[in-house]
Amino acid sequence: MNAMPEPIPFKAQWPDADLRLLRLDVPLPPPLPLAEVLSPRAAEWVAATAEGAGAPPDYVLAALLSVTGATMGNARWVSPWKGWAEPPNIWTMCIGNPSAGKSPAIDAVLAPLRRAERPLRQEAEAEMVAWEKRVKLAKLAQEIWDKKARAALDKGNPPPPVPKEADDGTAPHIPRLIVNDGTVERLGVIAQAQPKGFLQMRDELAGWLLAMEARNGGSDRAFWLEAYGGRAFTVERMGRAPLTVNRLTIGALGGIQPDRLSELLTKTSDDGLLARFLPIWPGRVPVKQPERFASDEVADAAMARLTAMQMPLSDDGEPRPWFVGFDDAARDMMNEWRQTCGEWETGTEGLLLSFIGKLPGMAARLALVLATIGHAFDGEMDPAQRQITPAEFGRACHFLESYILPMARRAYGVASVPKEERSARRLASLLREMGWQRFTAREIRRMERRGLASMGEINPALSALEEADLIRAIAEPAGPSGGRPQRLFIVNPAVHEVQS
């Protein structure tokens with residue numbers, strides 16, 4: 001009897017696949033229009049600072065925008081027209097690998113701010129020493145009064161009045177122009193004592209933003225959403241009375257690596273917080289010995305002008321912003337800009353849509369910040385003494401359109417494409433990660449990945465990969481017990497071979 005022939009293994013024949021969903025095509029960075037955006041001395045300072053730090057000028061400008069907005073803080077707000085006002089917060093995210101020059105650029109901008117902070121802190125620390133002495137004296141005075149009061153009460157007499165020496169007064173506040181870390185409760189205390197605002201600097205933004213997802217039931221995230229908008233916010237405190245900040249205005253600046261940004265884009269909630277950052281991801285600069293360095297005197301003079309900006313008092317004596325208006329021509333430009341942004345929104349989805357939706361307010365903020373940089377570096381008129389003109393607003397719009405919007409498309413990558421394509425790319429990434437040669441739709445759902453957690457998200461992704469010939473559905477007979485057959489797919493080997 002002849003032996004049975006060996007079964008011929010099945011080998012799928014695949015047509016040329018569309019590999020677009022496997023590659024993360026990153027657009028090139030746009031050129032930085034430095035001289036077109038900044039006043040002359042400020043532009044020169046940014047360029048020289050970048051050369052001295054061996055970093056792209058993009059990072060220096062990003063830090064300067066955040067520092068200017070945060071240091072000005074609630075002293076100046078911009079108001080295109082009645083009923084619309086924006087704080088000058090410009091949150092920036094410096095994107096790049098560890099050797100890209102992010103930290104040297106940011107540190108170079110923070111250095112003059114730290115020098116400006118030092119005498120303010122020293123003065124407050126001297127007041128703190130004097131206050132601590134008053135505390136000791138007040139404690140002694142209180143103890144003496146307690147004894148006298150008890151003795152009087154024992155004799156049936158009223159206690160003596162509390163001496164004024166028993167009141168130690170309010171502890172002085174140590175100014176903080178830069179905060180590197182802190183709980184929401186601690187930041188709320190600083191914001192209440194320092195109504196003008198301050199800057200939070202984070203070396204690594206990803207960990208901070210991801211931690212908001214789980215911390216305090218999401219209340220940290222709500223805090224920061226309000227801190228961007230300068231709105232009133234009440235901070236709940238453990239074991240103490242709640243604390244209300246009338247205008248919560250905190251700047252944000254930090255760095256992030258591209259891979260960490262990709263992780264952030266897939267794991268955080270789409271509540272618009274990430275879209276509030278200006279993403280700055282320039283190319284690398286050649287390594288060379290610097291031939292020029294920025295002037296500390298110019299930077300210190302600029303920071304002195306920024307820190308000298310004070311909040312005026314309202315009729316009830318409370319500090320408030322000075323609202324800088326638009327002139328008529330700038331208002332007309334704003335209406336045109338809003339229409340342009342609306343046109344950009346058409347056909348756009350995801351994070352990029354959220355980002356574009358914030359560009360009208362961002363343009364108003366940026367116009368004020370650019371005018372203030374001109375005041376700080378070039379001695380131009382304080383914006384509080386005039387209105388925003390088409391010159392400042394035009395520069396802001398040009399910067400956002402020619403540089404920031406292309407940079408957002410570069411930075412957001414997959415998050416800026418339509419929802420179905422994002423799901424397909426996520427599924428392709430999952431197939432590569434798991435090394436699957438075949439899989440079922442049920443296996444995908446069990447992974448509970450963001451964007452692939454329901455069949456409503458999975459089915460369009462499967463269809464897109466099938467249409468691209470990256471996967472193929474095959475018939476799978478029902479099991480011995482009958483029932484509905486599984487949806488089984490095989491994977492094109494190209495999925496695991498193509499480099500992303």
So [Y] and [X], do their side chains get closer than 4.5 Å, heavy atoms only?
{"X": "Arg260", "Y": "Leu264", "answer": "no"}
{"X": "Arg432", "Y": "Leu22", "answer": "yes"}
{"X": "Pro56", "Y": "Arg284", "answer": "no"}
{"X": "Phe223", "Y": "Ile250", "answer": "yes"}
{"X": "Ile106", "Y": "Cys94", "answer": "yes"}
{"X": "Met434", "Y": "Phe439", "answer": "no"}
{"X": "Tyr403", "Y": "Leu61", "answer": "no"}
{"X": "Val324", "Y": "Arg386", "answer": "no"}

More than 12 heavy atoms from other groups under 6.0 Å of [atom1] on [X]:
{"X": "Glu123", "atom1": "CD", "value": "no"}
{"X": "Glu467", "atom1": "CD", "value": "no"}
{"X": "Arg395", "atom1": "CZ", "value": "yes"}
{"X": "Glu433", "atom1": "CD", "value": "yes"}
{"X": "Gln385", "atom1": "CD", "value": "yes"}

Using 30° and 60° as the class limits, which term best fits the ring planes of Trp91 and Phe277: parallel, tilted or perpendicular?
-> tilted

Over 60° means perpendicular and under 30° means parallel, so classify the ring planes of Trp337 and Phe393, tilted if in between.
-> perpendicular

Side chains of Thr348 and Glu345, donor plus acceptor under 3.5 Å = no

Between the side chains of Ser295 and Glu297, is a donor N or O closer than 3.5 angstrom to an acceptor N or O?
-> yes

Please give me the minimum heavy-atom distance between [X] and [Y], naming the atom from each residue.
{"X": "Gln194", "Y": "Pro175", "value": "OE1-CA, 3.4 Å"}
{"X": "Pro80", "Y": "Met334", "value": "CG-CE, 4.2 Å"}
{"X": "Val285", "Y": "Gly54", "value": "CG2-O, 3.7 Å"}
{"X": "Pro290", "Y": "Gly52", "value": "CB-CA, 4.0 Å"}
{"X": "Ala105", "Y": "Ala53", "value": "N-CB, 4.3 Å"}
{"X": "Ala108", "Y": "Thr49", "value": "CB-CG2, 3.4 Å"}

Can you check side-chain contact (heavy atoms from CB on, under 4.5 Å) on Leu431 and Leu470, steps first, answer last?
-> CA-CA 10 Å; Leu431 298 179; Leu470 295 173; over 6 Å; no

Give the C-alpha distance, both sets of side-chain angles, the deciding distance and a yes or no for side-chain contact (heavy atoms from CB on, under 4.5 Å) between Glu401 and Trp344.
-> CA-CA 10 Å; Glu401 181 176 4; Trp344 289 337; 3.6 Å; yes

Inter-residue atom distance [X].[atom1] - [Y].[atom2], 0.5 Å rounding:
{"X": "Met93", "Y": "Leu209", "atom1": "CE", "atom2": "CG", "value": "6.0 Å"}
{"X": "Leu273", "Y": "Asp220", "atom1": "CG", "atom2": "CG", "value": "11.0 Å"}
{"X": "Phe326", "Y": "Trp84", "atom1": "CZ", "atom2": "CH2", "value": "7.0 Å"}
{"X": "Leu199", "Y": "Thr249", "atom1": "CG", "atom2": "OG1", "value": "12.5 Å"}
{"X": "Phe355", "Y": "Arg409", "atom1": "CZ", "atom2": "CZ", "value": "10.0 Å"}
{"X": "Leu465", "Y": "Leu21", "atom1": "CG", "atom2": "CG", "value": "6.0 Å"}

Partners passing side chain to side chain contact (heavy atoms under 4.5 Å, CB included) against Gln192 (at least two apart in sequence or in another chain) | Leu243, Val245

Test applied, side-chain contact (heavy atoms from CB on, under 4.5 Å); reference residue, Ile95; option that passes from Ile256, Leu205, Asp58 | Ile256

Can Tyr59 and Val109 be said to form a side-chain contact (heavy atoms from CB on, under 4.5 Å), step by step?
-> CA-CA 10 Å; Tyr59 291 146; Val109 180; over 6 Å; no

Where do Thr389 and Glu392 land on the side chain to side chain donor-acceptor pair (under 3.5 Å) test, with the steps shown first?
-> CA-CA 6 Å; Thr389 69; Glu392 289 97 13; 2.7 Å; yes

For the pair [X] (side chain) and [Y] (backbone), establish whether a donor and an acceptor sit closer than 3.5 Å, ignoring hydrogens and angles.
{"X": "Asn89", "Y": "Gly230", "value": "no"}
{"X": "Glu51", "Y": "Glu291", "value": "yes"}
{"X": "Glu457", "Y": "Ser423", "value": "no"}
{"X": "His496", "Y": "Trp436", "value": "yes"}
{"X": "Arg410", "Y": "Trp281", "value": "yes"}
{"X": "Asn492", "Y": "Val495", "value": "no"}
{"X": "Asn74", "Y": "Arg247", "value": "yes"}
{"X": "Asp296", "Y": "Pro112", "value": "no"}
{"X": "Thr71", "Y": "Thr68", "value": "no"}
{"X": "Glu117", "Y": "Leu177", "value": "yes"}

State whether Tyr228 and Arg365 meet the cation-pi test: NZ (Lys) or CZ (Arg) under 6.0 Å from the six-membered ring centroid, and within 45° of the perpendicular axis.
-> yes

Give every residue pair that meets the salt bridge (Lys or Arg N to Asp or Glu O under 4.0 Å) criterion with at least one member in residues 198-210, sequence neighbours excluded.
-> Asp181-Arg202

Knowing that exactly one of Arg305, Arg114, Arg115 qualifies, which makes a salt bridge (Lys or Arg N to Asp or Glu O under 4.0 Å) with Asp300?
-> Arg115

Passes salt bridge (Lys or Arg N to Asp or Glu O under 4.0 Å), Arg76 versus Asp382? Steps please.
-> CA-CA 10 Å; Arg76 307 285 185 273; Asp382 186 334; 2.8 Å; yes

List, one per line, each side-chain donor-acceptor pair under 3.5 Å for residues 368-375, sequence neighbours excluded.
{"residue": "Thr372", "atom": "OG1", "partner": "Leu368", "partner atom": "O", "Å": "2.8"}
{"residue": "His375", "atom": "ND1", "partner": "Glu380", "partner atom": "O", "Å": "2.7"}

Could you go through the side-chain contact (heavy atoms from CB on, under 4.5 Å) check for Met362 and Arg276 one step at a time?
-> CA-CA 9 Å; Met362 179 58 68; Arg276 284 164 167 78; over 6 Å; no

